[in-house]
Structures are given as structure tokens and as C-alpha cells.
Chemist: 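Attaching a single structure in C-alpha cells format; questions to follow.
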Amino acid sequence: MKNLISPSLLAADKTRLGEEIKLVESLGAEYIHWDVMDGKFVPNKSYTSEQVREFAKTHKMVNDVHIMVVDPEIEGPEFIDAGADLVTFHIEAVDFDKAKVTAIIDDFHRRGCKAGLSLKPNTKVESVLPYLDKLELILVMSVEPGLGGQKFIPSALEKIKVLREYIDSHHLNCLIEVDGGVNGETGKLCREAGADILVAGSYLFGHEDIAERIKTLR
Ligand code: DX5
Ligand code: ZN
């Protein structure tokens, strides 16, 4: 099990993104989480491939791009070209179509990018198990995707436990990431359940004591 942090730029000050990125890197974050929304899979819009391209090479963290979009087979490659190291798409976006999920993972790999798959709070964990041997990351949503600052949904913890057990017993290399409502308390529960990477947005950005807050996520 790893002990990694991926601050979510959704909560960062967009008028000084470069500084926000440098700040979390200096505080030891290993990943940086870019939320991409298309206004269709979720109602809001967020980061574009141009923004990822502008900042992807200005730091050494893993560019962890979470695409909440209806057409991951098209948008995924755009973000890979822009400098994503890891692109995570939603199983719901392709209607749980096994051939599509597999084709997208294979395509990301052919393009030299790591592949992640995400599931929403109401999606059963069993639906992602068949892909864990092909994936570098599985992303458990602990809020409904689309918005920062929501309350952690505890049923995510049971999913993390099931995934941890499956990954370890099958000796797989897939990392478990959790996203939504993560703070010092819920983060600890996620670690205990077996999460490798904690995503946190509103808990970190915009707070004077961000350095202390990051420590509480370890
Ligand atoms: C929600 C995004 C999250 C979001 C988390 O759709 O995927 O990455 O930034 O925000 P917090 O940490 O504020 O719940
Ligand atoms: Zn996210």
C-alpha cells in the first residue's frame, strides 16, 4: 500500500494556478489532480487540455487527469497529448460496455499513458473488478462527481476494502485512489480501508495552514 496525495486543482485559485501548483509540490504532493468536466456527463465545466498543456511540464508531480466526460475515447487522447501522465475515465460514461472499456484502456497504453477507471457512488464495485489487472489506477468517487466541497459518502470505504483485498490477493499493481470530501478525518478512514492516493481539493487550497493539512492526509 502506498501513501500518496493528489491535491485537486478544482479548488485552487485559477488566477494563479502556477503558484498553487508550486505550493503543493513544495509541500510534498506526489500527484496533481486535474478535474475535467464537459457539461454533459456532469453539469459543470472545468479544466481544458490547453490549461493542462500550459502547466504539465512546470512541475515534477504526476499529472493525474480525471475526465468526467461522455466521450473518453476522444477527450482522453487530447489530454494525453497535452501532457497527462495518467488519465482516469468513468465506467458509467461508456454504459459499462466491456469492449469499450477495454479498448480505451488499451488505447491509452498504446499512447504511452497510464489508465485509470472511476466509479460513481451508486455504481457497484463488482463492475470494475474485471479490469483491475489492466489498470494502473482505480478511482473510487466518495461524492457525486461534478462539484468540490461536498460531504464524504461513507459507502466508499467498503468499496476501498473490497478493492484492496482483490488487488492484494491477485498480486496486482493497480493503485486505489479516493476522491471527494476527503479531509483529515475521512482521509484517515480511507487509509485504514486501504487507499493508496487521497485526492483533496477544498480541504487544502485557500487555507493558511495548508502545510499542516497536508500532513494530516499521510
Ligand atoms: C469532484 C472532483 C473532485 C473534487 C474534490 O467531481 O472529482 O476531484 O475536486 O473536491 P473536494 O476535495 O472539495 O471534495
Ligand atoms: Zn476528481
Side-chain angles (χ1 to χ4, degrees), residues 4-14 17 20-21 23-24 27 29-49 51-52 55 61-70 72 75-76 79 84-93 114-123 128 135-157 159-160 175-191 195-207 209-210 212-218:
L4 304 166
I5 295 175
S6 191
S8 171
L9 290 172
L10 196 60
D13 181 347
K14 276 108 191 152
L17 212 45
E20 297 277 68
I21 290 170
L23 172 63
V24 291
L27 296 175
E30 297 87 357
Y31 284 54
I32 188 77
H33 191 85
W34 296 91
D35 285 304
V36 175
M37 305 178 189
D38 63 355
K40 292 178 214 148
F41 183 74
V42 291
N44 295 321
K45 293 211 175 192
S46 53
Y47 289 108
T48 63
S49 55
Q51 286 167 302
V52 173
F55 294 102
M61 296 176 287
V62 175
N63 286 292
D64 166 21
V65 179
H66 174 198
I67 56 172
M68 290 160 270
V69 304
V70 292
E75 298 221 31
F79 283 88
D85 301 296
L86 161 72
V87 174
T88 298
F89 66 102
H90 273 266
I91 192 166
E92 302 87 2
K114 292 183 171 153
L117 186 65
S118 183
L119 68 163
K120 298 206 285 184
N122 290 329
T123 297
V128 300
L135 292 165
E136 280 77 30
L137 181 134
I138 184 78
L139 171 55
V140 176
M141 289 305 302
S142 40
V143 299
E144 280 303 324
L147 209 64
Q150 303 180 74
K151 195 168 177 290
F152 184 86
I153 300 172
S155 59
L157 296 171
K159 290 184 186 175
I160 296 169
L175 295 174
I176 303 172
E177 183 174 59
V178 57
D179 182 8
V182 172
N183 57 36
E185 282 144 43
T186 57
K188 186 166 186 290
L189 299 175
C190 291
R191 294 284 188 210
D196 297 292
I197 310 176
L198 303 185
V199 176
S202 56
Y203 179 61
L204 297 180
F205 288 105
H207 297 281
D209 58 345
I210 182 169
E212 295 308 312
R213 287 174 181 244
I214 282 200
K215 285 187 197 148
T216 68
L217 299 178
R218 299 287 189 186

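Numbers for residues simply follow the sequence, beginning at 1. Whatever order the structure lists them in is the order used to number ligands and atoms, beginning at 1. Values reported hereafter were calculated over all heavy atoms of this structure, with side chains retained and with hydrogens, waters and symmetry mates removed.
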Chemist: Could you tell me, atom by atom, which parts of ligand 1 come under 4.0 Å of a heavy atom of D35?
Modeler: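 Near D35, meaning under 4.0 Å from one of its heavy atoms, ligand 1 has 2 (C), 3 (C), 4 (C), 7 (O), 8 (O), 9 (O).
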
Chemist: For the Zn ion (ligand 2), what is the closest N, O or S atom on D35?
Modeler: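 Result: OD1.
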
Chemist: Taking 4.0 Å as the limit for heavy-atom contacts, which would you say applies to L147 with ligand 1: side chain only, backbone only, both, or neither?
Modeler: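 Just the backbone.
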
Chemist: Is it the case that the side chains of D64 and H66 hold a donor-acceptor pair, with the cut-off being a distance below 3.5 Å and no angle test?
Modeler: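 D64 and H66 do not have a side-chain donor-acceptor pair below 3.5 Å.
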
Chemist: Of the non-hydrogen atoms in G116 and L135, which two are nearest, and what is the gap between them?
Modeler: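 Where G116 meets L135 most closely, the heavy atoms are C-CD2, 4.0 Å.
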
Chemist: Tell me which N, O or S atom from D179 is the closest to the Zn ion (ligand 2).
Modeler: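 In D179, the N, O or S atom with the shortest distance to the Zn ion (ligand 2) is OD2.
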
Chemist: Would you say G149 has any N or O atom under 3.5 Å from an N or O of ligand 1, going by distance alone?
Modeler: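 Min N/O separation from ligand 1 is below 3.5 Å for G149.
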
Chemist: Are any non-hydrogen side-chain atoms of L204 and I214 less than 4.5 angstrom apart?
Modeler: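 Yes - at least one pair of side-chain heavy atoms lies under 4.5 Å apart.
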
Chemist: Check whether any N or O atom of V182, backbone or side chain, sits under 3.5 Å from an N or O atom of ligand 1, and answer yes or no.
Modeler: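 So ligand 1 has no N or O lying under 3.5 Å from an N or O of V182.
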
Chemist: Strictly by modelled atom types, are T186 and Y203 linked by a side-chain donor-acceptor pair under 3.5 Å?
Modeler: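 No donor-acceptor contact under 3.5 Å links the two side chains.
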
Chemist: Donor-acceptor pair, distance only, cut-off 3.5 Å: does the side chain of S142 make one with the backbone of D179?
Modeler: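 Such a contact is found between S142 side chain and D179 backbone.
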
Chemist: By number and element, which atoms of ligand 1 are closer than 4.0 Å to a non-hydrogen atom of G180?
Modeler: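 Here the atoms of ligand 1 in question are 14 (O).
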
Chemist: With respect to the Zn ion (ligand 2), what is the nearest N, O or S atom of H33?
Modeler: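 In H33, the heteroatom (N, O or S) nearest the Zn ion (ligand 2) is NE2.
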
Chemist: Below 4.5 Å, heavy atoms only, C-beta onward: do M141 and L119 meet side chain to side chain?
Modeler: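 Side-chain contact under 4.5 Å: no.
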
Chemist: Do H66 and ligand 1 have an N or O pair less than 3.5 Å apart?
Modeler: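 Indeed, backbone or side chain, H66 has an N or O that close.
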
Chemist: Using a 4.0 Å cutoff against the non-hydrogen atoms of D179, which atoms of ligand 1 qualify?
Modeler: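 Answer for ligand 1: 2 (C), 3 (C), 4 (C), 5 (C), 7 (O), 8 (O).
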
Chemist: Under 3.5 Å, N or O to N or O, is G146 touching ligand 1 that way?
Modeler: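 Yes: some nitrogen or oxygen of G146 is under 3.5 Å from one in ligand 1.
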
Chemist: Should we say atom NZ of K40 is surrounded by more than 12 heavy atoms from elsewhere, each under 6.0 Å from it?
Modeler: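 Counting neighbours around NZ of K40, 12 or fewer heavy atoms of other residues, nucleotides or ligands fall under 6.0 Å, so no.
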
Chemist: Regarding S8 and D35, do their side chains bring together a donor and an acceptor under 3.5 Å, going by distance alone?
Modeler: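 A pair is found: one side chain offers a donor N or O, the other an acceptor, under 3.5 Å apart.
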
Chemist: Considering only protein heavy atoms, which is closest to atom 13 (O) of ligand 1, and at what distance to one decimal place?
Modeler: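 So the nearest neighbour among protein heavy atoms is S202 OG, 2.6 Å.
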
Chemist: At less than 4.0 angstrom from any non-hydrogen atom of P145, what atoms of ligand 1 do you find?
Modeler: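 With P145 as reference, the close atoms of ligand 1 come out as 6 (O).
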
Chemist: Taking NZ in K114 as the centre, count heavy atoms belonging to other residues, nucleotides or ligands within less than 6.0 Å. Is the count above 12?
Modeler: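 Not buried by this count: 12 neighbours or fewer within 6.0 Å.
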
Chemist: Nearest protein heavy atom to atom 10 (O) of ligand 1, by residue and atom, and its distance?
Modeler: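 Nearest neighbour among protein heavy atoms for atom 10 (O) of ligand 1, to 0.1 Å: G148 CA, 3.5 Å.
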
Chemist: Do L157 and F152 have side chains that get closer than 4.5 Å, going by heavy atoms?
Modeler: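 Side-chain contact under 4.5 Å: yes.
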
Chemist: Check each atom of ligand 1 against the heavy atoms of M141 and keep those under 4.0 Å away; list them by number with element.
Modeler: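 So the atoms of ligand 1 that pass are 7 (O).
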
Chemist: Do W34 and F79 come within less than 4.5 Å of each other through their side chains, counting heavy atoms only?
Modeler: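 Counting from C-beta outward, W34 and F79 never come under 4.5 Å.
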
Chemist: Under a 4.0 angstrom heavy-atom cut-off, which atoms of ligand 1 come close to H33?
Modeler: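 Result: 8 (O).
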
Chemist: Give the name of the N/O/S atom in H66 that lies closest to the Zn ion (ligand 2).
Modeler: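 In H66, the N, O or S atom with the shortest distance to the Zn ion (ligand 2) is ND1.
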
Chemist: For atom 12 (O) of ligand 1, what is the nearest protein heavy atom, given as residue, atom name and distance?
Modeler: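 Among all protein heavy atoms, the one nearest atom 12 (O) of ligand 1 is G201 N, 2.8 Å.
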
Chemist: Using a 3.5 Å distance criterion without hydrogens, assess whether the side chain of K159 forms a donor-acceptor pair with backbone atoms of P121.
Modeler: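 Yes, the answer is positive, given that a donor and an acceptor are paired below the 3.5 Å cut-off.
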
Chemist: May I ask you to list the atoms of ligand 1 that are less than 4.0 angstrom from any heavy atom of A200?
Modeler: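 Answer, ordered by atom number: 12 (O).
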
Chemist: When you measure from atom 14 (O) of ligand 1 to every protein heavy atom, which one gives the shortest distance, and what is it?
Modeler: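 Result for atom 14 (O) of ligand 1: G181 N, 2.8 Å.
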
Chemist: For E185, does the CD atom sit with more than 12 other heavy atoms under 6.0 Å from it, leaving out its own atoms?
Modeler: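 Atom CD in E185 is not packed in, count stays at 12 or less.
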
Chemist: For ligand 1, which atoms, with element, lie under 4.0 Å from some heavy atom of S8?
Modeler: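 The atoms of ligand 1 under 4.0 Å from a heavy atom of S8 are 4 (C), 8 (O), 9 (O).
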
